[in-house]
Amino acid sequence: MSAITARIFNAGTARVVALYAASFAVAIFLSGLLVQVTGGSPLDVIRALYEGSLGSPQDIGLTIDESVPVLIVALGVIITSRAGIVNIGPEGQLLIGGLCGAAVSLRLAVPGVAMVPATLLAAAAGGAAWAGIAALLRYWRNVDVVISTLLLNFLAIQLVSFAVNRPYLLQEKLTGGGTASPTSDPIPSDARLPLLGQTGTMTFTSGTIIAVVALVVVGLMVTRSRWGFKLRMLGLNAEAARRAGVRAAALGTGALLLSGAFAGLAGGVVLSDRAFRIQTGFSNNMGFNGLLVALIARRNPWATVPVAILFGILRAGGGFVATTGVPRYVVDVMQALIVLAALFPPLVDKVNERRRAMRIARDEAAATAASSATPTLEVAR
């Protein structure tokens, strides 16, 4: 029996690996074809991506900086996805987090040593509060979370734009003449994440440490704790979870708040690590990228690390693609193709699983019909 099981497992594993390899091969082929159509060279694009993301220690540091907020957002999305909740609002939650962090660092008289923690905590609280609106709508008025979180993204963009265009809110203050730009003043130096070390031209900030700590905490909590088990129960079968004593509203609200807090924390890290001011376009699609990372990782927090690094490579090297004469949006299309390639094998598995279930149900129905027809034939005889 063990030998048969091993053969089945090896055959299944080989099929999955082959399916993934074929999916990514098609994605790479289509990416190369798109580059050719836009008048570029695929080899030049690959070389530009490498040189912009991994070509030097400084480029590797940039890739890590791009990966950190995406990873933090993805960890929050995994919490809600394990509870069966689809949070499409990390982009807006990240924006509101950065806005709240900037407000605290610029408007409150916080002691210097507490400025960084206060900024990050305010950012996390802002993201959680923004996600809490979706939770309130879901469990008070039964509004679908997908719709509410999606629409809250657009509202967050308008709110940030309003704040950085009003002098009495966060618009920059000019000491001389001129016109103020739609951006905030730079945050104080005390509110910026400190450098933990430097190797050559590659620097390390405490944002990386924050991401690692968040990864360990989320990874252990969702896989090794009773809370994580309840999340999984709720995500797999909400009705069975309720009958087992799980309070769906409380658990779902907590999951949404935590997911928003992680997205807001990512906004605080971006603000304190390299942006240093809030403005329109501050999020730069990092929230959506984190959502895609979590989607590819398939609810596995540990799998978010390599996927986030891959997105960091694309984000860091994407700026160098323009030097090859290829439009910048080609990198976005490449990201989309990678996502589709990663999601295609699970989709095939689900389709095959549904077909097997339908075939089994059909066979059982046929067997039941045959068994019920047998006594009738005997009576007729």
Side-chain angles (χ1 to χ4, degrees), residues 58 61-62 65-66 68-70 72-73 89-131 133 152-195 203 205-207 210 260-290 315-316 318-319 322 328:
Q58 184 177 3
L62 177 60
D65 283 344
E66 294 285 353
V68 162
V70 172
I72 296 174
V73 171
E91 186 81 1
Q93 293 151 18
L94 187 149
L95 271 171
I96 297 300
L99 181 66
C100 293
V104 167
S105 61
L106 292 172
R107 293 290 185 263
L108 297 184
V110 180
V113 68
M115 182 65 82
V116 170
T119 301
L120 296 180
L121 286 175
W130 202 248
I133 298 174
L152 282 170
N153 286 329
F154 301 102
L155 185 58
I157 294 172
Q158 297 302 318
L159 186 59
V160 170
S161 177
F162 181 84
V164 298
N165 279 283
R166 299 298 183 277
Y168 56 86
L169 291 177
L170 287 180
Q171 189 175 24
E172 65 176 349
K173 295 179 174 59
L174 298 179
T175 55
T179 304
S181 302
T183 181
S184 70
D185 288 321
I187 62 175
S189 58
D190 292 337
R192 303 180 182 184
L193 288 173
L195 294 177
T203 58
T205 67
S206 50
I210 293 172
F262 274 94
L265 176 62
V269 169
V270 174
L271 174 71
S272 303
D273 192 10
R274 63 179 184 274
F276 304 136
R277 64 174 72 211
I278 187 75
Q279 57 188 341
T280 54
F282 167 82
S283 58
N284 196 20
N285 289 329
M286 289 186 182
F288 289 129
N289 286 168
R315 291 181 63 88
R328 176 65 176 81

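Note that the numbering runs from 1 along the sequence shown for the chain.
- At a threshold of 4.5 Å between non-hydrogen side-chain atoms, the residues Ile72 and Val269 count as touching.
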What side-chain donor-acceptor pairs closer than 3.5 Å can you find for residues 275-289, not counting sequence neighbours?
| residue | atom | partner | partner atom | Å |
| --- | --- | --- | --- | --- |
| Arg277 | NH1 | Ser184 | O | 3.1 |
| Ser283 | OG | Glu91 | OE2 | 2.5 |
| Asn289 | OD1 | Arg315 | NH1 | 2.6 |

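- Remark: Ala316 engages Ser53, Leu62, Thr63, Glu66 in a side chain to side chain contact (heavy atoms under 4.5 Å, CB included) (not counting sequence neighbours).
- Partners of Glu172 by side chain to side chain donor-acceptor pair (under 3.5 Å), not counting sequence neighbours, listed by chain and number: Ser181.
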Subject >> Intermediate values then yes/no, side-chain contact (heavy atoms from CB on, under 4.5 Å), Ile96 and Leu159 >> reply: CA-CA 8 Å; Ile96 297 300; Leu159 186 59; 3.7 Å; yes
N/O donor to acceptor pairs below 3.5 angstrom from side-chain atoms of residues 97-110, sequence neighbours left out:
| residue | atom | partner | partner atom | Å |
| --- | --- | --- | --- | --- |
| Ser105 | OG | Gly101 | O | 3.1 |
| Ser105 | OG | Ala102 | O | 3.1 |
| Arg107 | NE | Leu169 | O | 3.2 |
| Arg107 | NH2 | Leu169 | O | 2.1 |

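- Arg274 has its side chain within reach of Pro69: a pair of non-hydrogen atoms, C-beta onward, lies under 4.5 Å apart.
- Applying the side chain to side chain contact (heavy atoms under 4.5 Å, CB included) rule to Ala125 yields no partners; only residues at least two apart in sequence or on another chain are considered.
- Note that the CD atom of Gln93 and the CG atom of Asn153 stand 7.0 Å from one another [nearest 0.5 Å].
- The shortest side-chain heavy-atom distance between Ile187 and Arg192 falls under the 4.5 Å cut-off.
- Two residues are said to be in side-chain contact when any heavy atoms from C-beta on lie closer than 4.5 Å; Leu193 and Leu120 meet this criterion.
- Distance CG/Asp185 to NZ/Lys173: 6.0 Å, rounded to 0.5 Å.
- Between Met115 and Thr119, the closest side-chain pair of non-hydrogen atoms falls below 4.5 Å.
- Ile133 is linked by a side chain to side chain contact (heavy atoms under 4.5 Å, CB included) to Trp130, Leu137, Leu152, counting only residues two or more places apart in sequence or in another chain.
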